[in-house]
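Structure record follows, encoded as structure tokens.
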Amino acid sequence: MFDLALDSKLRGCDLVSLRIGDIVTSGQVRHRAMVIQKKTRRPVQFEITETTRESVREWLEHRGGGL
């Protein structure tokens, strides 16, 4: 989550409301994601670095269910 916060620069409320489907597609962690900010109601696109993608993959595998 920390890596994702750094990559996205989202506010905390937007970060914790992310869903797996926002960053994972077809069993792969996306290179880019887009969310609508709660405060401004504007779409924000951000890149997910390889390090963060690996962290997300490991977290999903650890919690069970994989990608």
Side-chain angles (χ1 to χ4, degrees):
M1 221 30 171
F2 182 75
D3 290 337
L4 199 53
L6 292 176
D7 281 0
S8 67
K9 299 182 178 112
L10 290 172
R11 292 178 178 89
C13 63
D14 294 322
L15 184 65
V16 298
S17 67
L18 281 177
R19 298 182 187 264
I20 293 172
D22 294 334
I23 58 174
V24 175
T25 299
S26 302
Q28 297 291 323
V29 179
R30 297 178 184 187
H31 290 265
R32 291 181 175 260
M34 185 166 41
V35 297
I36 306 289
Q37 289 183 328
K38 287 183 180 182
K39 183 176 181 179
T40 63
R41 305 250 190 256
R42 292 182 180 214
V44 175
Q45 187 175 16
F46 56 92
E47 184 175 345
I48 303 172
T49 63
E50 181 59 37
T51 304
T52 301
R53 289 194 304 271
E54 183 61 32
S55 295
V56 169
R57 271 188 226 107
E58 288 177 13
W59 175 74
L60 289 172
E61 289 172 7
H62 176 74
R63 69 181 264 287
L67 295 175

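Here the closest heavy-atom approach between residue V16 and residue M1 is recorded as CA-CE, 4.3 Å. Among all heavy-atom pairs drawn from R32 and Q45, the shortest one is CD-NE2, 3.4 Å. Nearest heavy atom pair, residue R30 against residue G21, reads NH2-O, 3.4 Å. Nearest approach of K38 to C13, heavy atoms of both residues: NZ-O, 4.0 Å. Closest approach of F46 and D7 over heavy atoms only: CB-O, 4.2 Å. The heavy-atom pair separating I23 from A33 by the smallest distance is CG2-CB, 4.2 Å.
Side chains of H31 and R53 form a contact here, defined as non-hydrogen atoms less than 4.5 Å apart.
By the rule that hydrophobic residues join a cluster once side-chain heavy atoms approach within less than 4.5 Å of another member, I36 and L10 end up as members of separate clusters. Residues I20 and L15 share a hydrophobic cluster, clusters being chains of Ile/Leu/Val/Met/Phe/Trp/Tyr side chains in contact below 4.5 Å.
Salt bridge annotation for E50-R57: present, with a cationic side-chain nitrogen under 4.0 angstrom from a carboxylate oxygen.
The distance from atom OG of S8 to atom CG of D14, rounded to the nearest 0.5 Å, is 8.5 Å. Of the inter-residue distances, the one linking L60 atom CG with S55 atom OG reads 11.0 Å to the nearest 0.5 angstrom.
In this structure, a donor-acceptor pair under 3.5 Å is absent between the side chains of E54 and T51.
In this structure a side-chain-to-backbone donor-acceptor pair under 3.5 Å is missing from T52 to I48.
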Evaluate side chain to side chain contact (heavy atoms under 4.5 Å, CB included) for K39 paired with R11, printing each intermediate quantity in order.
-> CA-CA 9 Å; K39 183 176 181 179; R11 292 178 178 89; 3.6 Å; yes
